[in-house]
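Step one of this worksheet: look at the structure below.
Residue numbering restarts at 1 for every chain, and letters A, B, ... go by the order of the sequence lines.
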There are 2 protein chains.
Amino acid sequence: MVTRTARERQLDHPGRGEIALADVLHALADPVRLRVVRTMAAADSPMACGAFGLPVSKSTCTHHFRVLREAGIIRQHYRGTAVLNDLRRDDLDARFPGLLDCVLAAAAGDSPAQ
Amino acid sequence: MVTRTARERQLDHPGRGEIALADVLHALADPVRLRVVRTMAAADSPMACGAFGLPVSKSTCTHHFRVLREAGIIRQHYRGTAVLNDLRRDDLDARFPGLLDCVLAAAAGDSPAQ
DNA sequence: GTCGTTGTACGATAGACGTCGAACTTCGGT
DNA sequence: ACCGAAGTTCGACGTCTATCGTACAACGAC
């Protein structure tokens, strides 16, 4: 007999030390993904992919969240049929101190109305 | 009769207020361009394109410098046959405070041997 | 003027990227 | 068992991008 948590579908995440700057910058350079990150930074709890109201199809949505996950910017785990998304603030701050906050502040200045 | 400075070939640069975050992030997400920016940040005076010793052809070089210029990251002006490149530190800091320094610090942490 | 240096302009090309729709999987609820 | 909700997978598509080589232009030096 197996516990529920051990049977959860698995998603690959880079370790904290494996997060690469070029990947992070590339991931944040897309308007849709930057919007996701801004929304997540403003939220107080993990959000499902569908909760962002993105102006793209479901498959494109999947694509963007995978890019963010593989860049090490977000953590994803299954919760029933949904996928909960979480900003990897600690890891990002440890690897590239201040970078996330700078980008968020810059984004706020660049287009205040998210 | 026209003065020399007025006859210089002109390059288009975005105004300080026109610098867009997505363009900046996209420009910095390329290894060759990030290396250029790091080298320029470490230099104390403007450098010609050829002085960076980039591992790409001349035409590719021209391409990368144009991307950086159009993103508002560098300023370019002709000096004889050469083009001098200069980091737009002031404009970048004014538009996106701290961003450039964060990225430079992150790059130093990501690959210390430039 | 001629020549070498420095960079630009112009295709061309191969690969990456953002986007979609249709079919499928997984899970919770009834 | 069935159905609907939430994502994923799998092509397919057009566009953007990084790269190159060749030909060309601007300038300094001789």
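Here the closest heavy-atom approach between residue B/Ile74 and residue B/Met40 is recorded as CG2-CE, 3.3 Å. Minimum heavy-atom separation, A/Leu54 to A/Val32: CD1-CG1, 4.0 Å. Scanning both residues, A/Ala71 and A/Ala27, for their nearest heavy atoms gives CB-CB, 3.9 Å. The two atoms that bring A/Asp12 and A/Arg69 nearest to each other are O-NH1, 2.8 Å, heavy atoms only.
Within a heavy-atom distance below 4.0 Å of DNA chain D, no residue of residues 21-45 of chain A is found. The stretch residues 47-54 of chain A touches DNA chain D through A/Ala48, A/Cys49, A/Gly50, each having a heavy atom under 4.0 angstrom from the strand. Within residues 63-74 of chain B, the residues having any heavy atom under 4.0 Å from DNA chain D are, by residue number, B/His63, B/His64.
Two residues, A/Val56 and B/Asn85, neighbour DNA chain C, and the one matched to the more 5' nucleotide by heavy-atom proximity is B/Asn85.
One N or O donor and one acceptor, one from the side chain of B/Ser59 and one from the base of D/dG21, sit under 3.5 Å apart.
Checking the phosphate oxygens (OP1, OP2) of D/dC20, a side-chain nitrogen or oxygen of B/Thr60 falls inside 4.0 Å. A sub-4.0 Å separation between OP1 or OP2 of C/dT19 and a side-chain N or O of A/Ser57 is absent. OP1 and OP2 of D/dA6 both lie 4.0 Å or more from every side-chain N or O belonging to A/Tyr78.
Atom P of nucleotide C/dC27 and atom CZ of A/Arg79 are separated by 14 Å, given to the nearest angstrom. Atom CD in A/Gln76 sits roughly 10 Å away from atom C1' in D/dG7 (whole-Å rounding). We find that CG of B/Leu11 is positioned 13 Å from C1' of D/dA26, with the value rounded to whole Å. The NZ atom of B/Lys58 sits 11 Å away from the C1' atom of D/dA23 (whole-angstrom rounding). Atom pair B/His77:NE2 and C/dT6:P shows a separation of 16 Å (rounding to whole Å applied).
The side-chain hydrogen bond (donor to acceptor under 3.5 Å, both in side chains) pairs that include a residue from residues 35-53 of chain A are A/Arg38-A/Ser111, A/Thr39-A/Gln114, where partners are two or more places apart or lie in different chains. For residues 22-69 of chain B, the set of pairs meeting the ring pair (Phe, Tyr, Trp, His ring centres under 6.0 Å) definition, not counting sequence neighbours, comprises B/Phe52-B/Phe65.
If you check D/dT8, C/dT26, C/dT8 against the side chain of A/Thr81, the one that comes closest is C/dT26.
Listed by chain and number, the residues in a side-chain contact (heavy atoms from CB on, under 4.5 Å) with A/Ala82 are A/Ala48 (sequence neighbours excluded). Residues satisfying the side chain to side chain donor-acceptor pair (under 3.5 Å) test with A/Ser59, not counting sequence neighbours, are A/Ser57. By the side-chain contact (heavy atoms from CB on, under 4.5 Å) test, B/Thr62 is found to be paired with no residue, residues two or more places apart in sequence or in another chain being considered. Under the side-chain contact (heavy atoms from CB on, under 4.5 Å) criterion, B/Ala22 pairs with no residue, sequence neighbours left out.
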Taking distance alone, no hydrogens or angles, what donor-acceptor pairs closer than 3.5 Å link side-chain atoms of residues 91-108 of chain B to residues at least two apart or in another chain?
from    : atom 1 : to       : atom 2 : distance (Å)
B/Asp91 : OD1    : B/Arg16  : NE     : 2.7
B/Asp91 : OD1    : B/Arg16  : NH2    : 2.9
B/Asp91 : OD2    : B/Arg75  : NH2    : 3.0
B/Asp91 : OD2    : B/Arg88  : NE     : 3.0
B/Asp91 : OD2    : B/Arg88  : NH2    : 3.0
B/Arg95 : NE     : B/Ile19  : O      : 2.8
B/Arg95 : NH2    : A/Asp110 : OD1    : 3.1
B/Arg95 : NH2    : B/Gly17  : O      : 3.4
B/Arg95 : NH2    : B/Ile19  : O      : 3.1

